[in-house]
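Note on naming: letters A, B, ... go to the chains in the order of the sequence lines (proteins, then strands), and numbering restarts at 1 for each one.
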Protein chains: 2
Amino acid sequence: MKQISRFSHFGELSDKDYFRIALSVDCVIFGFEDGELKVLVIKCNIKEYKGMWSLLGDLVRPDEDLDSASYRILKDRTGLDDVYLEQVQTFGKVNRHPAGRVITTTYFSLVNIKDHQLKLSDNELHWHPVKEITEMAFDHKNILDTCLERLREKIQDHPVVFNLLPKKFSLRELQSVYEAVLNCELDRRNFRKKFFMMDWLIDLNELEEDVPHRPGKLYKFNAAKFAKKAKKVS
Amino acid sequence: MKQISRFSHFGELSDKDYFRIALSVDCVIFGFEDGELKVLVIKCNIKEYKGMWSLLGDLVRPDEDLDSASYRILKDRTGLDDVYLEQVQTFGKVNRHPAGRVITTTYFSLVNIKDHQLKLSDNELHWHPVKEITEMAFDHKNILDTCLERLREKIQDHPVVFNLLPKKFSLRELQSVYEAVLNCELDRRNFRKKFFMMDWLIDLNELEEDVPHRPGKLYKFNAAKFAKKAKKVS
DNA sequence: TTTTAATGTGTATTTTTAACACATTATTGC
DNA sequence: GCAATAATGTGTTAAAAATACACATTAAAA
């Protein structure tokens, strides 16, 4: 049988078809703290990249969907199980991992850092400002850049940054997230105008507390408005 | 050693880490003909989906990058080696393939149908109008929809549809591709205005031939304008 | 030569985006 | 208590982009 006739509709897989290819999932977990966009990274301990930062990931299990694998990694690492996750891209260069052929599917995730407070007992796990990361183990810097780019596109039209904030937040905080992600300054009046028009916010009629200046009003994300959409996505 | 400590920086892979997971690449190859957007599909011959259309794909080889695999599939199937290819998404549901665990990374591709004229000797391989495809083998309909959606977003800002047309084309043909992809009607005057402003076209000072009406002017894609960008992407 | 069916062009309207300044309020420091 | 501070909160105008829309021109076909 000619090679070409196996295309696409290979009927059965023989043992030799299961190559020595491992599949992993890597998560770019974004958080927001002190006015900065941060990413959760871990010290790499394999000899080729000793001491460098790497993303959180693991091998995909034989009985596990890709999405489930990324949820599992996030759950295990942060304790959160209600987070935003989006698949971004799969990186499959032959020599990207020194241990062998490992193809990795990457997700980015948005979490509210204060919601779960890592057990930072081991300081191998760490929230690092995205802007300060210049290199990482493996091709992880490339993956980070790709995911950040995707996040920037995403927030232009989709209400996802709420996942980086606490339930209640001020407009200043919201704007601050946008500025951190997009790495630019925004006009306050235009920003507020746009958000009110979008109908993404619910005014809680509460005020900030413990701020060293006039407190701003607090809002929450108008989740009801997107219930249908969220269902469609899942 | 606790399970959690293997995350991300697994040092070495043992035999049991290479699960029975196979990795494939599937290509959604778009073409344009008779005013319609078409996709290259092949009759499926595995028993579960006998006779249904499926996408072109193959297993990724152990020594092959993902991008290379998709190029190989395209080259083998269409004879073309200078085509537009873009990775879209990886589909990894546990039971998506009846033969076993097969995770597939999908690409969409844009080719000019007339450039290569399939050896349609076997009519198992076929250009099918996208609009008329309601179901496919495996999860391929889902893959097709996802790729079409990505294509629609892409053409809004990026000059990629030229890949669907011959070297020389009229503005009418160009608009017709947009209308086919976006599945809508566009205003001719605004369309032309936008394209001239974009500076994507070079006027060839030639006219269409063999058309049963007043011939339109012919243009070609202003490739020079994007040489730098293309380099950056690769 | 008339009819046909397409190409080719410009302007007015609407919508969206961007630029911009000052009064208000709670806290802090004196 | 009062002044100074540092943030919140608000509207208008100008520029740019997107949209709607009609008629003359050209080559082929009848």
Which residues in residues 206-221 of chain B have at least one heavy atom lying under 4.0 Å from any atom of DNA chain C? B:H213, B:R214, B:G216, B:K217
Is the distance between the ring centroids of B:Y178 and B:F195 less than 6.0 Å? yes
Assess whether one donor atom and one acceptor atom, taken from the side chain of A:R189 and the base of D:dG9, lie less than 3.5 Å apart. no
Quick one, which residues of residues 165-185 of chain A touch DNA chain D with a heavy atom under 4.0 Å? A:R172
Within the distance-only criterion (no hydrogens, no angle test), does the side chain of A:D139 pair as donor or acceptor with the backbone N or O of A:N142 below 3.5 angstrom? no
Tell me whether the count of non-hydrogen atoms from other residues, nucleotides or ligands lying under 6.0 Å of NZ in B:K154 goes above 12. yes
Rounded to the Å, how far apart are A:N190 CG and D:dA15 C1'? 13 Å
Side-chain contact check for B:D187: nearest option of C:dA18, D:dC21, D:dT10 is D:dC21
Value in whole Å for how far the P atom of C:dT17 lies from CG of A:L186: 13 Å
Would you say that B:L165 contacts B:F32 through its side chain, given a criterion of any heavy-atom pair below 4.5 Å between the two side chains? yes
Looking at residues 192-205 of chain A, who's got a heavy atom less than 4.0 Å off DNA chain D? A:R192, A:K193
Is B:R72 salt-bridged to B:D58, cutoff N-O under 4.0 Å? yes
Taking the six-membered ring for Trp, are the ring centroids of A:F162 and A:Y84 within less than 6.0 Å of each other? no
So, does B:E208 use its side chain to make a donor-acceptor pair with the main chain of B:G216 at under 3.5 Å? yes
Please check if the number of heavy atoms outside A:D82 that lie under 6.0 Å from its CG is greater than 12. no
From CZ of B:F191 over to P of C:dG10, roughly how many Å is that when rounded to an integer? 18 Å
Tell me the interatomic distance from A:Q156, atom CD, to C:dT17, atom P, rounded to whole angstroms. 11 Å
Are any of the side-chain nitrogens in A:E179 or A:R172 under 4.0 Å away from the carboxylate oxygens of its partner? yes
Could you walk me through whether A:K131 and A:L37 satisfy the side chain to side chain contact (heavy atoms under 4.5 Å, CB included) test, starting with their C-alpha distance in whole Å, then the side-chain angles of each, then the deciding distance to 0.1 Å, before giving a yes or no? CA-CA 8 Å; A:K131 279 173 95 168; A:L37 185 68; over 6 Å; no
Are B:Y71 and B:D65 close enough that some pair of their side-chain heavy atoms sits under 4.5 Å apart? no
